[in-house]
J.: 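What follows is a structure written as structure tokens; I'll ask about it next.
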Amino acid sequence: MLSSPTLAVLVLAGAASWAQAADKTATSKVLTFGDVAVSLGWSPSWQLETSPPKGMPGTVEFHAPDRTQMVTMLTPIGGTPGLTADDAMKALVTKSSKQFESQAVEKDIKIQRISNGEAHGYFVCLTDKAPKPDEYQFLSARAS
């Protein structure tokens, strides 16, 4: 069972973000929302939104100066009765991927587990087969 909030991360990245060189001016930043604090490597060019996106209370959003390169949202979510934290994270990523399944180039969508010591989660990466001008070509959904 979840004893503390799980953190859901949805990362939308445009093609240009994949080609960017590592930012040598990066620092670290602690983002706090509710009773969750997350420490991240932080580029001085990123912009932190001060109010959560509509309908997503508690969400922290930050992005590159050009939002087509990167938009990241972090949302604390409560536990789901009967599910372990691991099951809840996998279910969240699976649900996110299903929303884009019909538009994805990938025929067999694979939810992948990530782990580094005690930290773990799940992710999926998808490619939109025909993105409109104001849509992203690549999507990466993660929960950890």
Side-chain angles (χ1 to χ4, degrees), residues 2 4-80 83-144:
L2 286 175
S4 62
T6 300
L7 184 65
V9 180
L10 178 63
V11 180
L12 302 173
S17 67
W18 300 109
Q20 285 184 328
D23 186 345
K24 296 192 183 352
T25 62
T27 60
S28 65
K29 184 173 190 84
V30 176
L31 302 178
T32 305
F33 42 107
D35 60 351
V36 176
V38 179
S39 177
L40 302 168
W42 190 264
S43 170
S45 67
W46 292 349
Q47 299 168 10
L48 179 64
E49 295 298 323
T50 55
S51 56
K54 187 176 180 180
M56 300 179 74
T59 297
V60 172
E61 179 185 319
F62 59 94
H63 54 84
D66 178 353
R67 292 177 66 98
T68 62
Q69 292 183 351
M70 182 194 75
V71 175
T72 301
M73 292 186 282
L74 304 175
T75 303
I77 57 173
T80 304
L83 288 182
T84 64
D86 197 67
D87 290 340
M89 288 186 292
K90 187 172 185 180
L92 180 67
V93 173
T94 300
K95 182 178 178 182
S96 293
S97 69
K98 295 256 183 235
Q99 295 174 6
F100 300 98
E101 196 169 37
S102 65
Q103 297 169 238
V105 170
E106 296 78 10
K107 301 291 181 221
D108 184 24
I109 296 175
K110 293 186 168 100
I111 308 300
Q112 298 182 53
R113 189 171 199 280
I114 50 177
S115 182
N116 182 7
E118 291 192 28
H120 63 277
Y122 291 88
F123 77 97
V124 64
C125 294
L126 302 173
T127 309
D128 190 333
K129 57 183 149 189
K132 295 176 183 157
D134 62 338
E135 292 181 339
Y136 294 97
Q137 183 176 4
F138 304 104
L139 172 102
S140 175
R142 305 159 193 240
S144 56

J.: Could you tell me which non-hydrogen atom of Val93 sits nearest to which non-hydrogen atom of Arg142, and how far apart they are?
T.: CG2-C, 3.9 Å

J.: Closest heavy-atom contact between Met70 and His63?
T.: O-CB, 3.2 Å

J.: Output the distance between atom CD (Glu49) and atom CE (Met73), rounded to the nearest 0.5 Å.
T.: 11.0 Å

J.: Answer yes or no: is there a side-chain heavy-atom contact under 4.5 Å between Leu139 and Asp128?
T.: no

J.: If I take atom NZ from residue Lys107 and atom CD from residue Glu101, how far apart are they, to the nearest 0.5 angstrom?
T.: 10.5 Å

J.: Looking only at non-hydrogen atoms, find the nearest pair between Ser140 and Cys125 and report the distance.
T.: OG-SG, 3.8 Å

J.: What's the separation between atom CD1 in Ile111 and atom NZ in Lys95, rounded to the nearest 0.5 Å?
T.: 13.5 Å

J.: Evaluate side chain to side chain contact (heavy atoms under 4.5 Å, CB included) for Thr72 paired with Leu40, printing each intermediate quantity in order.
T.: CA-CA 12 Å; Thr72 301; Leu40 302 168; over 6 Å; no

J.: Taking all heavy atoms of Ala143 and all of Leu92, pick out the closest pair and write down the distance.
T.: CB-CD2, 3.9 Å

J.: Might you point out which heavy atoms bring Asp86 and Tyr122 nearest each other, and give the distance in Å?
T.: OD2-OH, 2.7 Å

J.: Looking at Glu106 and Thr127, would you say the former's side chain and the latter's main chain have a donor-acceptor pair under 3.5 Å?
T.: yes

J.: Step by step, would you call Met89 with His120 a side chain to side chain contact (heavy atoms under 4.5 Å, CB included)?
T.: CA-CA 9 Å; Met89 288 186 292; His120 63 277; 3.7 Å; yes

J.: Would you name the heavy atoms of Pro131 and Tyr136 that are closest together and state the gap between them?
T.: CB-O, 3.8 Å

J.: Going by heavy atoms in the side chains, are Ser97 and Leu126 under 4.5 Å from each other?
T.: yes

